[in-house]
Amino acid sequence: MTETTPRLEAIGLTRRFGGIEVVRDVSLDVPAGQVSCLLGPSGCGKSTMLRIIAGVDRQDKGAVRIEGRTVSDDHVQVPPERRSVGLMFQDFALFPHLSVAGNVGFGLKGPRDEIAARVREQLDKVNLAGFAEKYPHELSGGEQQRVALARALAPRPRIMLMDEPFSGLDNRLRDEIRDETLSVLKAEGTAVLLVTHEPDEAMRMADEILLMRRGRIVQRGAPYNIYNAPVDKEAAAFFSDINVIHGVVKNMQTETPFGRFLTPGMVDGTDVEIIIRPQHLKMDFDRGGKGPNPTSTDGVPARAVVERARFMGSESLVEFRMEFDGSQIKATVPAVFLPAPGTPLWLSIRRDRCFVMPCKRQTTVADPYAG
Ligand code: ADP
Ligand code: MG
């Protein structure tokens, strides 16, 4: 093994159930000290991936390597307990008849005093030093979760596989436990593969997000890049509400109520969708003296009428109907802003925040700029 050998590698994993490929040719690698996050909607194949890597399920095609050693392929199948992999699943059942110390020490091998020392060390790490003699039913949900983490880390796994491990916790507690878990795992330098269907969790935890859909990884990258440069509309929509503005390419440009968009390399007649997240719209009471510079960064303000405004706690969400074509647009601002329904406002969109993507032909909306 060299320093650049990933801790964990999956190579071309494919898994079929009843003739359907639920995991299709998926490859990934996780270096030491990195948290990679398999993110995708329910049923896209995340848990299946994790189960194959853990060794509790077997792929139909492909291989799994741990620190350069093949633990699973067409010929080899190393059992789960010999893969140096820690597991934390959604329903992380603690043994109810064992104390906290008994749970954390379960499965550790070696002299008693060494095991006891290891258990103490682990409980310290998760801030449960005084809890060794308690039983699971005496603990809160968060404390149980921390015991489960201590138990998973006690055998010093080189890799940690986590399947929606925080989903049983309520919101406030969840953030706290996530952060604690992350700092413990980082301190250990463990390679982590975390499965979740929640974008917020992935954004919060991951160094790298592997966005999964229908058995495939459709995009991988740092959270910032995945959020700001989605591969397609579905990827954009997975992280927030989106607004979609339709247009047709003419002379390498697309005309919209928000001004002209450059669409270089797209042939005339191509249907495009301009996608913008609600927080990247700007609302103004007037046209703001913006001259007729249809290609400037801020584009052209377009008139819209407020339909509904709601205060959401950290932001206000305002829903508009565009005067131009009656389409709906959502915008958010990080403040209290609750204009009355019927209020006309001017909306503009930041060019550098839009995603312009070709799409299949729209059959419904008439194009007012046509002809
Ligand atoms: P996720 O974890 O992303 O929600 P899963 O990996 O659990 O998705 O499941 C992916 C697909 O494979 C689902 O359609 C699920 O019903 C199917 N599946 C998973 N495990 C089995 C199994 N043992 N037998 C049959 N189908 C399965
Ligand atoms: Mg799952």
Side-chain angles (χ1 to χ4, degrees), residues 8-30 35-64 71-74 77 79-80 83 85-93 141 144-145 148-149 152 157 159-171 174 177-178 181-182 185 191-206 208-221 223 226-227 230-240:
L8 170 65
E9 278 173 284
I11 303 133
L13 293 182
T14 295
R15 181 72 172 110
R16 284 184 286 271
F17 290 117
I20 296 165
E21 288 189 345
V22 302
V23 168
R24 295 194 276 172
D25 194 22
V26 173
S27 299
L28 57 82
D29 52 275
V30 189
V35 177
S36 289
C37 197
L38 271 179
L39 171 68
S42 185
C44 74
K46 307 179 296 293
S47 295
T48 303
M49 277 294 296
L50 225 63
R51 291 164 51 76
I52 290 168
I53 292 168
V56 295
D57 190 13
R58 191 168 184 175
Q59 68 278 15
D60 294 295
K61 246 193 296 183
V64 179
V71 296
S72 177
D73 64 9
D74 290 348
Q77 181 73 354
R83 292 190 180 192
V85 161
L87 300 175
M88 265 182 89
F89 289 131
Q90 209 158 345
D91 36 10
F92 59 95
Q144 291 187 25
Q145 187 73 26
L149 176 64
I159 294 162
M160 183 69 105
L161 303 176
M162 308 176 99
D163 194 344
E164 318 247 4
F166 310 107
S167 57
L169 303 170
D170 58 56
N171 272 341
R174 189 154 56 198
I177 301 280
R178 275 175 187 153
T181 303
L182 199 58
L185 291 167
V192 181
L193 187 60
L194 171 77
V195 156
T196 181
H197 67 277
E198 288 179 60
D200 288 352
E201 180 157 291
M203 299 289 282
R204 195 182 181 98
M205 304 275 300
E208 182 179 59
I209 291 176
L210 308 160
L211 189 63
M212 250 187 117
R213 189 192 303 157
R214 294 184 282 279
R216 285 186 192 283
I217 290 176
V218 293
Q219 190 173 12
R220 59 185 284 180
I226 298 257
Y227 190 85
V231 275
D232 55 24
K233 183 163 83 171
E234 226 175 315
F238 198 70
F239 288 90
S240 77

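Indexing begins at 1, ligand by ligand and atom by atom, following the structure's order. Positions are given from 1 along the sequence.
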Quiz prompt | salt bridge (charged side-chain N to carboxylate O under 4.0 Å, His left out) partners of Arg213, counting only residues at least two apart | solution = Asp232, Glu234

Self-check item: Amino acids contacting ligand 1, non-hydrogen cut-off under 4.0 Å
Solution: Phe17, Val22, Pro41, Ser42, Gly43, Cys44, Gly45, Lys46, Ser47, Thr48

Self-check item: Interatomic distance, Cys44 atom SG to His197 atom NE2 [nearest 0.5 angstrom]
Solution: 11.0 Å

Self-check item: Trace of the side-chain contact (heavy atoms from CB on, under 4.5 Å) decision for Phe238 with Ile226
Solution: CA-CA 10 Å; Phe238 198 70; Ile226 298 257; over 6 Å; no

Exercise. Around the Mg ion (ligand 2), list the protein N/O/S atoms within a radius below 2.8 Å, excluding water molecules.
Key: Ser47 OG

Quiz item: Is any side-chain heavy atom of Leu50 less than 4.5 Å from a side-chain heavy atom of Leu193?
Solution: yes

Self-check item: Spacing of Arg174 atom CZ and Thr181 atom OG1 [to the nearest 0.5 Å]
Solution: 12.5 Å

Exercise. Using distance alone, with no hydrogens and no angle criterion, decide if Ser72 and Gln59 have a side-chain donor and acceptor under 3.5 Å apart.
Key: yes

Quiz prompt | Steps toward side-chain contact (heavy atoms from CB on, under 4.5 Å) verdict (Ile53, Leu161) | solution = CA-CA 8 Å; Ile53 292 168; Leu161 303 176; 3.8 Å; yes

Quiz item: Leu182 and side-chain contact (heavy atoms from CB on, under 4.5 Å): which partner among Val192, Val35, Leu194?
Solution: Val35

Exercise. Hey, could you give me each pair passing side-chain hydrogen bond (donor to acceptor under 3.5 Å, both in side chains) that has a residue in residues 48-57? Not counting sequence neighbours.
Key: Arg15-Asp57

